[in-house]
Amino acid sequence: MGLTRTIALLATATALVVGGCAQPAAAAAEVSAAANTGRAGDCSLTGRTLHASATVNQQLTERFAIYGDSGQGWTGGDSTYSLPVRGGTGWFFSDTFLGEVADDGSRPSYAPFVNNSIVIDGRRGLSTVTGGTALAPDALIPTGTSDSWYWIGDPTTGRGGTVQVPLLQFAKTGTGQWDFAWTANRLAILDGTTLQLRSIVDLPSATGINWGSWTLEQGRDTYVFGVADPDGIRSAYVARARGGDGIAGRWTFWTGKGWSDREEDAVPVVANVANEFSVAPFRDGYLLITQDTSELFSSRIVARMSCSPTGPFTEPVEIYRTPETGAAGTYADADVFTYNAHEHPDLRRGNRILVTYNVNSFDNVGDVYEDVTIYRPRFVDVQLSLGR
């Protein structure tokens, strides 16, 4: 479930104390940046100071809470990627609970559970897209077997208006709760109108890098970010798909000096990122948003800047602390943790960015069923400014 997914993806993160400040925090730090993808010189972010102030986005928080409690579909999930789709904004989730919610805010033990879904936010409100049937829902993107599943990456638009969704395939390796492992990267092609699955194709998987943490469209190129754990440090890697066909284009891999056809030549570009993060245009450079994984189950969401999507990236600047985390958090529950923060660039308004993160509990048999609010995304507006 949600916890299983989280443990699988965070198991090799480096250590730190859970808890921390339970209040949102603004932060500032000196930063510098330089280009390294063939563009000479610096950008306007070089030598600038990044300042941030954050507030909860009440509109989206209440919108998802009302819908999640309605019993009309989605009641909670993680990943929380977004993409403009026909009819509104598509919110793409990995592990997802469906069905009714009791008056006391709990889920029944028989609540339907699928490994991926989409919630459409349109003019008529929210609606849920899954596979299967109303009586027997299934993942929107199923593997076709009971011992494997797909968790999603950051979706993007493909040729002909299709929707491309990078996938992490996992499979059971035994009968125990934690007996499963990543097996491959794949790409789902969805119909751009119905959002139903058209096909699944293979993606590079030879090195163990989990591709699809983020995608960034730049003209006819699509940058695909992934994660791996060299020396036990969760780090980001970059591939580039060319030819105007989105993620389905021809891939090359950033080597630190240029682009190679060999996945084995890929090198990390920034350390201590989460399994899901974002890299989006900012001024004439780029802004990276991530949960800080230099600390285990950290409450810190940080920003970095760069003049290039391949870095180098500046030192992290704290932009928010998740108030739910740990025994000192709003749930007063040491089992509760937060993870996988990233931006939603299509919903940016000037220098105000929208950041989401996920909330979960180690006690997923108890907490996640007893309180539906735990396993739901959080929405935060962050106002950014630059100084000297």
Side-chain angles (χ1 to χ4, degrees), residues 6-7 9-31 49-57 61 78-80 213-214 225 227 229 232-236 268-280 282 286-306 311-344 352-362 374 376-386:
T6 305
I7 296 300
L9 296 177
L10 296 180
T12 54
T14 51
L16 140 330
V17 180
V18 173
C21 176
Q23 296 297 322
E30 292 296 328
V31 298
T49 303
L50 181 66
H51 299 271
S53 61
T55 57
V56 173
N57 184 305
T61 299
D78 68 355
S79 283
T80 321
S213 298
W214 189 254
F225 293 82
V227 295
D229 302 294
I233 299 173
R234 185 132 304 177
S235 301
V269 298
V270 61
N272 299 318
V273 297
N275 300 287
E276 300 171 4
F277 56 91
S278 58
V279 179
F282 181 63
Y286 297 87
L287 178 73
L288 184 154
I289 302 293
T290 185
Q291 204 101 1
D292 178 12
T293 60
S294 69
E295 309 171 337
L296 186 61
F297 305 117
S298 175
S299 64
R300 286 169 25 92
I301 298 175
V302 299
R304 297 174 181 261
M305 298 193 297
S306 176
F313 289 89
T314 63
E315 291 301 307
V317 173
E318 183 177 300
I319 62 171
Y320 190 73
R321 288 203 180 191
T322 59
E324 301 84 3
T325 306
T330 54
Y331 287 99
D333 186 343
D335 288 327
V336 172
F337 60 93
T338 57
Y339 57 106
N340 284 349
H342 52 75
E343 188 198 348
H344 298 266
R352 187 186 71 189
I353 66 173
L354 176 68
V355 173
T356 58
Y357 61 93
N358 299 315
V359 184
N360 212 325
S361 172
F362 290 110
I374 292 176
R376 286 177 177 172
R378 301 310 197 259
F379 304 87
V380 179
D381 290 322
V382 181
Q383 186 69 39
L384 300 175
S385 62
L386 291 173

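Computed from heavy atoms alone, side chains included, the values below leave out hydrogens, waters and symmetry copies.
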Q.
Please evaluate residues E343 and L354 with respect to the criterion side chain to side chain contact (heavy atoms under 4.5 Å, CB included), reporting the C-alpha separation (whole Å), side-chain torsions for both, the decisive distance (0.1 Å), and the verdict.
A. CA-CA 6 Å; E343 188 198 348; L354 176 68; 5.8 Å; no
Q.
Classify the ring geometry of F337 against F297: parallel below 30°, tilted from 30° to 60°, perpendicular beyond 60°.
A. tilted
Q: Could you tell me whether a side-chain N or O of S306 sits under 3.5 Å from a main-chain N or O of P312, the two making a donor and an acceptor?
A: yes
**Q.** Candidate list I289, L288, T290, test side-chain contact (heavy atoms from CB on, under 4.5 Å), partner V302, passing option
**A.** T290
Q. Counting only N and O atoms by type, is there a donor-acceptor contact under 3.5 Å from the side chain of S235 to the main-chain atoms of I233?
A. yes
Q) Step by step, would you call V273 with F225 a side chain to side chain contact (heavy atoms under 4.5 Å, CB included)? A) CA-CA 11 Å; V273 297; F225 293 82; over 6 Å; no
Q: Using the side chain to side chain contact (heavy atoms under 4.5 Å, CB included) rule, take D78 and E276 through it: C-alpha gap first, then chi angles, then the decisive distance, then the call.
A: CA-CA 11 Å; D78 68 355; E276 300 171 4; over 6 Å; no
Q.
Ignoring hydrogens and geometry beyond distance, is a side-chain donor-acceptor pair present between S299 and T325 at under 3.5 Å?
A. no
Q) Going from CG on N272 to CZ on R304, what distance comes out if it is rounded to the nearest 0.5 angstrom? A) 6.5 Å
Q.
Keeping S298 on the side-chain end and R300 on the backbone end, is there a donor-acceptor pair under 3.5 Å?
A. yes
Q. In Å, rounded to the nearest 0.5 Å, how long is the span from CG of N340 to OG of S278?
A. 11.0 Å
Q. Stepwise, does the side chain to side chain contact (heavy atoms under 4.5 Å, CB included) test hold for N275 with Y339?
A. CA-CA 9 Å; N275 300 287; Y339 57 106; over 6 Å; no
Q | Where S213 and V227 come nearest, the two heavy atoms and their spacing | A | OG-CG1, 3.5 Å
Q | Gap between atom CZ of R378 and atom OG1 of T80 - 0.5 Å precision | A | 10.5 Å
Q) Which pair of heavy atoms, one from V269 and one from F313, lies closest together, and at what distance? A) O-CD1, 4.1 Å
Q: State, with a plain yes or no, whether a side-chain heavy atom of I301 is found less than 4.5 Å away from one of Y357.
A: yes
Q: Calculate, to the nearest 0.5 Å, the distance between atoms CZ and CD1 belonging to F282 and I353 respectively.
A: 8.0 Å
